[in-house]
Amino acid sequence: MESKTYLYPTYEAGRDLMLKNIQGSIVNLNLIHLKEIADYSEFPEIAPAGQISGYEAFMLYIELAKPFLEQGGGEILFIGKGDRFLIGPQDEQWDVCMLVRQKSKSDFFAFEQDPDYMKITGHRSAAILDSRLLPLEIAL
């Protein structure tokens, strides 16, 4: 049986997040599993001159996305090298773990829908094999 991968939010998941009454900032926990070699076949207009790794493509995406994030008052709190879970499914491995804070839920959606930001998301898609995104709201 082939395992399912997750690269983009579903309409339903986005709608549910939009309808939540989240006050204040939101922190997104990102778990990223990268491709060995980035696949730019669907994004030839932004492909580098030569072949690059999924890691290199993802770091290029981060470099290009960071100004859009910061423009909306957001920030990258943490980027770290992942591995297998100490507690959790042993068949899951995450190459990069990241925490990104945005001032509000509406700032998050504005960032994700910025037309200029959308032009660089192909680097993310070319790099990522599988991912998880968990929006966190402050509980205490």
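Along the sequence shown, residues carry numbers from 1.
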Item to check | More than 12 heavy atoms of other groups within 6.0 Å of E12 CD | outcome: yes
Item to check | More than 12 heavy atoms from other groups under 6.0 Å of CD on E42 | outcome: no
Next on the checklist: Measuring from atom CE of M98 to atom CG of L29, what distance do you get when rounded to the nearest 0.5 angstrom?
Outcome noted: 9.5 Å
Checklist entry - If you round to the nearest 0.5 Å, how far is CD1 of I26 from CG of L136? => result 7.5 Å
Output yes when a side-chain donor or acceptor of [X] lies under 3.5 Å from a complementary backbone atom of [Y], and no otherwise.
| X | Y | result |
| --- | --- | --- |
| D39 | I37 | no |
| R124 | L7 | yes |
| D130 | T5 | no |
| N30 | C97 | no |
| H33 | I128 | no |
| R101 | G74 | no |
| Q90 | F85 | yes |

Are [X] and [Y] packed together at the side-chain level, in the sense that at least one heavy-atom pair is separated by less than 4.5 angstrom?
| X | Y | answer |
| --- | --- | --- |
| Y6 | L133 | no |
| W94 | I32 | no |
| Q23 | S104 | no |
| S25 | I138 | yes |
| L17 | I22 | yes |
| L99 | I76 | no |
| P135 | F108 | no |

Item to check | Residue pair H123, F43: steps toward the ring-ring contact (aromatic ring centres under 6.0 Å, His included) verdict | outcome: CA-CA 8 Å; H123 294 293; F43 312 96; 8.5 Å; no
Checklist entry - Going by atom types only, do Y8 and S125 share a side-chain donor-acceptor pair under 3.5 Å? => result yes
Checklist entry - Hey, is E137 close enough to K105 for a salt bridge, meaning N to O under 4.0 Å? => result no
Donor-acceptor pairs are to be reported for all side-chain atoms of residues 55-71 against protein atoms at under 3.5 Å, with residues two or more places apart or in another chain.
from, atom 1, to, atom 2, distance (Å)
E56, OE1, S53, N, 2.7
E56, OE1, S53, OG, 3.2
Y61, OH, Y117, OH, 2.5

